[in-house]
Amino acid sequence: MEKGLISVDRWSGESQAYFLTHLHSDHTNGLSSSWSKAPIFCSRLTAKLFPFKFPDFNLSLLRIVRIGSWHSVSLLSPSSGSKTVVQFMAIDAHHCPGAVMFLFRGDFGCLLYTGDFRWETTSDRAELGRNMLLNALNDSAVDILYLDNTYCNPLYDFPPREVAAQQVLDIIASHPDHDIIIGIDSLGKEDLLLHISRVLNIKIWVWPERLQTMHLLGYDEIFTTKTSLTRVRAVPRYSFSVETLDGLNTMRPTIGIMPSGLPWSVKPSEGNKNLFGSLLTARYSKSKWIGNGGVQTDEPNGSLDSPGRLHKHIYSVSYSDHSSFSEIEKFIKLVQPINMKGIVSSSCCYVDPMYYFGRLRGVNQPGQRLHQKHKRKERDEITLGTKSTFGRNFSTEVERKRGRSVKVKLLRVQSSRVSACRRVRSGAKIVDDDYTD
DNA sequence: GCGATCAGGT
DNA sequence: CACACCTGATCGC
């Protein structure tokens, strides 16, 4: 086909080489165990985790890309049919285990695709990442930066993960006799859990599948699936809700901590009316946490004005694996791309990074003409994944309201073999595992 | 009965 | 309001 040279995090078209930045499922839509189109380039750690997500995948199709080295692949130019070489380098994206950015050079120019990334500036690891990127760029211009623009808005202001991790520890320390539930996904936030484990000298419960992942990542002693060994449990985020926490509290005093990009409130719902639906109680500002103090509730146990407190049993901490607005800004200043484009798009929330950062683009560049040329080439030959919820908003009101039944997650009876297997696999049966053994 | 896809949730 | 990902329905095979 005419437009198929390479694809990044995009699996639907016909390309000659495919690149995977990381294994979160919003970047693997369309990828499956039966994949056979062409080789997939990814980091070593992603390759290691790969079979776990895609059990019967033909691993001979994976190409491990060593981080920080240039690699090349020879392909056929879709337009001319002649040989063309694409050079590429993987750079640590500091997002989740195995996550990398890809820097490409070829006839199309120089492209940097960040995938999801966090660009902290305070840690040693961040310093290494910065140096690696600078070495890779080696003063040459990035024609197009494809940017993780998830939090590309000045409202999105949160601390480095080290600081957020301390906030989590503070919350735990202030609840010495509580069980602690932390909501996480299938990959990511391991450093937070390791930090908690180290500081409190305690094991951390995870669901069985997550334990396997932890073992693949090389963490052998820290995590456990035995509830009796610890009061701190990391549970799938989707099983973390007001109802879950209320239910758990009928058995033991328990608080939930949601490490998440932003201290947005939980969903509006009956009985929680005054709490929800707006920007929340605390946010990180100018190097310290402030409570907004304006949230009044009828909470009988006292005010919810401690930082991040969302609900009598739930805290939200801004522990994010995506870059904050100011980090995005620093990154763009460093890269000085000639042009850029957000990879996170949705019909209602897409923020074009050019809106805030257009002025930060590289200077002394030939400008639009060169850019246009590359852009055309890129559009023809490179296929890039974007996250999108576009389309969902077109469903009718009738469809949206159709047939929703209220679920009682804690006590739900397994309704089918297939869904039972799914739940067990994903650890949703947390309460059964915890309290009926 | 199966995987892929979609809508609708947490 | 974001993100990541679960569940159930439906469709094509």
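No experiment lies behind these values; they were computed from the predicted model shown. Chain A is the first sequence line, chain B the second, and so forth, proteins listed ahead of strands; every chain is numbered from 1.
- For C:dC3, neither phosphate oxygen OP1 nor OP2 lies less than 4.0 angstrom from any side-chain nitrogen or oxygen of A:His27.
- Dashed line: the shortest gap from a side-chain N or O of A:Ser25 to OP1 or OP2 of C:dC5 is under 4.0 Å.
- Here B:dT10 presents its P atom at 19 Å from CG of A:Asp26, a figure rounded to the nearest Å.
- Side-chain contact, A:Thr28 with A:Ser25: no donor N or O sits under 3.5 Å from an acceptor N or O.
- Remark: the A:Arg237 side chain and the C:dC6 base include no donor-acceptor N/O pair separated by less than 3.5 Å.
- Residues A:His24 and A:His95 bring a donor and an acceptor atom of their side chains to less than 3.5 Å of each other.
- With salt bridges taken as basic N to acidic carboxylate O contacts below 4.0 Å, one links A:Asp92 and A:Arg125.
- Rounded to whole Å, atom P of C:dC3 lies 19 Å from atom CG of A:Leu192.
- Looking at A:Asp116 and A:His27, their side chains do bring a donor and an acceptor atom within 3.5 Å of each other.
- Distance, A:Asn149 CG to C:dC3 P: 8 Å, rounded to whole Å.
- Side-chain atoms of A:Thr150 lie closest to C:dA2 of the nucleotides B:dT10, C:dA2, C:dA4.
- Regarding contacts with the backbone of C:dA4, a side-chain N or O of A:His322 is found under 4.0 angstrom from either OP1 or OP2.
- Summarising the geometry, the separation between CD on A:Glu209 and C1' on C:dC5 is reported as 12 Å, rounded to the nearest angstrom.
- Rounding to whole angstrom units, OH of residue A:Tyr156 and C1' of C:dC3 are separated by 11 Å.
- Counting only heavy atoms from C-beta on, A:Ser34 has its side chain closest to B:dA4 among C:dC3, C:dA4, B:dA4.
- The phosphate of C:dC3 (OP1 or OP2) has no side-chain N or O of A:Ser260 nearer than 4.0 angstrom.
- Taking atom CZ of residue A:Phe117 and atom P of nucleotide C:dC3, one finds them 13 Å apart after rounding to whole Å.
- One finds a side-chain N or O of A:Ser32 lying less than 4.0 angstrom from the OP1 or OP2 phosphate oxygen of B:dA4.
- Residue A:Tyr238 has its side chain nearest to C:dC6 when only B:dA4, C:dA4, C:dC6 are considered.
- In this structure A:Ser12 satisfies the side-chain contact (heavy atoms from CB on, under 4.5 Å) test together with A:Arg10, sequence neighbours excluded.
- Residue A:Asp321 contributes atom CG, which lies 18 Å from atom P of C:dA2 at whole-angstrom precision.
- Going from atom NE2 of A:His22 over to atom C1' of C:dA4 covers 9 Å, rounded to whole Å.
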